[in-house]
Amino acid sequence: MSDDSYVFEGPADEPAAPARDNNPPQTVSELSFALKRTLEDRFGHVRLRGEISKVNHHASGHVYLTLKDDKAAIDGVIWKGSVRGLGVRPESGLEVIVTGKITSYPARSSYQIVIETMEAAGAGALLAQLERLKAKLAGEGLFEPGRKKPVPTFPAVVGVITSPTGAVIRDILHRIAERWPCRVIVWPVVVQGEAACGQVSAAIRGFDALMSGGPIPRPDVLIVARGGGSVEDLWCFNDEGLARTVAAAAIPIISAVGHETDTTLIDFVSDRRAPTPTGAAEIATPVLADLRYAVADLDRRLARAGGRILEDRRTRLRAAARGLPARPEDVLALPQQRLDHAGNRLASGLTRNLVLHERALVGVTGRLSPTLLDRAMERRGDRLESVSARLGSGLGANVKAHEHRLLRALSRLSPEPLYRRLDQRAARLESVGTRLIALPRRLDADTARLAALARALTGLNPKAPKPGFARVESQDGAMIAAAAALQDGQAVRLVFADGSRGAHIDGGDAPPPPKAPAASPRAKAPPPGQGDLF
């Protein structure tokens, strides 16, 4: 047995040594470049159609992007020299047709396409869907500026809805701590994938449900934040349900999703849009240092204004003091002198006033002498006596007139005329009673006469002929009462008591009705008790 085939048999629990391979090993670089040459030789130039995502314009001038469809994706690169000759500018969500060659990037063990030409192939499916949804919500008025709520200037509590890990929450907390130290409540959610829409919506509704004064304070403003990413990464923020939740929220919401160039649907329905999460923190909070400086500036301006007012009042007081006399006695000297003069004139004025009123009283008392009063009283007494005399005579005449009227009335009320009138009324009453006694017999006679007239009217009613009689009517239902009113060949209708029949007038005289045969004479029955001859 040769050395190559010799196998050392050790203990039973030790594994056997692997067999040796004659294939020499390759380095990773050799394999990667071999695959690169194979891809380039096998495919060469290809023409692809897909939707652009994850566009990165590098500082070197190269453009890195991803082409995708609904099932797969491929990385792409456009070298600096080819960027200027492209037909369209690469943008996320744009559906394009590119031409290039397939190669690989050995450093990452990935394959890619080096794009040489690019032309637009229409709007991407995602962007087209987004535009349709945007038009729908805009038609409902969710984008109107009038429905957006103002963001409070000095919030006491700020709510943040974002991922608890990552740079976004750290940037927001750091920026708020620098500008406006206040309480920040973070509601952790996932910000990418299918579960993101539901979690962000639930966070907004949860903050909205908090009550003021509860164990967890209600935020004055909410920030929905996420870092930048591709259209697919940010697509959860284009959900219709999330957009309607943001629009219906009672707390003002600031949208800070992606970078400044990224636009999502909640940016349009939120109350404010921030270019970055840090910008959202700046929109939500004021700068405490600026407020302190503004308050200090206002305090300084107030002090300066107060000083100027005091100085102005001092100046005006000094000017008024300069117009006053040097001694206080000089201020009162002139008014005191005017008072003395008025006091001196007061005594003489009172005397003159008393004299004037005395003269007026004397003039009045001259007209009120006792002689005048006695004369007026005499005239009034004469008038009273004349009125009393006329009153007595008038009352006597009135009494006599009423006495005569009373006597005439008593004469008319004597017993004899009353008795005659009563007798006349009794005779009339007796005659009326006699007529009333004959009234029932008259009523019975009139009732019998009326019944006879009713029976005659019923028997003579042409509209109800008796048996054996008929009523002749024209075709229009008019009754014909005379033979002269009929014409030859005229159609008529004969109405009997039990029905009607049609007939025509032939124009001839009707034959007389046949006479009934004479009845054979019968022998009278013999009176009772008389026998027959035979």
Side-chain angles (χ1 to χ4, degrees), residues 51-53 70 91-95 122-153 155 158-163 168 185 187 189-212 218-277 279-281 283-284:
E51 183 177 334
I52 298 176
S53 66
D70 57 341
E91 294 180 358
S92 295
L94 184 66
E95 189 173 2
L126 294 179
L127 287 183
Q129 179 183 355
L130 179 60
E131 290 300 325
R132 289 192 298 270
L133 184 56
K134 190 186 300 182
K136 175 183 176 182
L137 298 182
E140 296 178 8
L142 298 185
F143 299 168
E144 293 295 330
R147 57 159 298 277
K148 296 183 181 296
K149 299 174 287 295
V151 177
T153 307
V158 177
V160 181
I161 301 174
T162 188
S163 174
V168 171
I185 301 177
W187 193 302
V189 295
V190 296
V191 292
Q192 183 174 341
E194 297 180 357
C197 303
Q199 292 190 16
V200 175
S201 299
I204 295 174
R205 289 192 294 268
F207 274 128
D208 246 352
L210 294 176
M211 303 298 294
S212 299
R218 179 185 175 89
D220 300 315
V221 64
L222 297 181
I223 299 176
V224 180
R226 187 203 187 282
S230 63
V231 176
E232 295 81 5
D233 297 337
L234 305 179
W235 191 251
C236 61
F237 295 95
N238 294 322
D239 181 70
E240 181 179 0
L242 176 58
R244 294 186 183 277
T245 302
V246 172
I251 304 176
I253 296 179
I254 301 174
S255 172
V257 178
H259 298 303
E260 187 171 2
T261 56
D262 298 326
T263 303
T264 59
L265 193 59
I266 67 169
D267 294 335
F268 297 96
V269 297
S270 60
D271 300 297
R272 288 288 298 274
R273 178 184 181 270
T276 59
I283 293 174

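Every value quoted in this text rests on a predicted model; they were computed, and no experiment measured them.
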Between Pro150 and Pro252, what is the shortest heavy-atom contact and its length? O-CG, 3.4 Å
Please lay out, stage by stage, how Ile253 and Ile204 fare under the test side chain to side chain contact (heavy atoms under 4.5 Å, CB included). CA-CA 9 Å; Ile253 296 179; Ile204 295 174; 3.9 Å; yes
If the condition is side-chain contact (heavy atoms from CB on, under 4.5 Å), which residues does Asp208 pass it with, not counting sequence neighbours? Arg218, Ala249, Ala250, Ile251
Look up atom CG in Leu265 and atom SG in Cys236, then write down how far apart they are to the nearest 0.5 Å. 11.5 Å
Working note: Phe237 + Asp267, criterion side chain to side chain contact (heavy atoms under 4.5 Å, CB included); need CA distance, chi angles, decisive distance, verdict. CA-CA 9 Å; Phe237 295 95; Asp267 294 335; over 6 Å; no
Donor-acceptor contact below 3.5 Å, side chain Asp271 vs main chain Lys149: yes
Polar side-chain atom of Arg147 near backbone of Val269 as donor-acceptor pair, under 3.5 Å: yes
Nearest heavy-atom contact between Phe207 and Gly159 is CZ-CA, 4.2 Å
CD1/Ile254 to CD1/Ile161 distance, rounded to the nearest 0.5 angstrom? 12.0 Å
List the steps and the verdict of side chain to side chain contact (heavy atoms under 4.5 Å, CB included) for Val246 and Val224. CA-CA 10 Å; Val246 172; Val224 180; 5.6 Å; no
Quick one: do Trp187 and Val160 satisfy side chain to side chain contact (heavy atoms under 4.5 Å, CB included)? Show the steps, please. CA-CA 6 Å; Trp187 193 302; Val160 181; over 6 Å; no
Could you tell me whether the side chain of Thr263 reaches within less than 4.5 Å of the side chain of Phe268, counting heavy atoms only? yes
Can you name the nearest heavy-atom pair linking Cys197 to Asp239, along with the distance? SG-CB, 3.5 Å
Side chain to side chain, Ser53 and Asp233, heavy atoms closer than 4.5 Å: no
Quick one: pull up OG1 in Thr264 and NZ in Lys134 and give me the separation to the nearest 0.5 Å. 9.5 Å
Give me the atom names and distance for the closest heavy-atom approach of Thr162 to Ala225. OG1-O, 3.0 Å
Are any side-chain N or O atoms of Gln199 and backbone N or O atoms of Val189, one a donor and one an acceptor, separated by less than 3.5 Å? no
Note: Gly229 and Leu234 closest approach over all heavy atoms is O-CD1, 3.9 Å
Pair Arg244, Glu240 - check salt bridge (Lys or Arg N to Asp or Glu O under 4.0 Å), show working. CA-CA 6 Å; Arg244 294 186 183 277; Glu240 181 179 0; 3.0 Å; yes
Quick check for you: to the nearest 0.5 Å, what is the distance between Ser255 atom OG and Ile266 atom CD1? 3.5 Å
Nearest heavy-atom pair of Ser201 and Leu242: which atoms, and what distance? OG-CD1, 3.3 Å
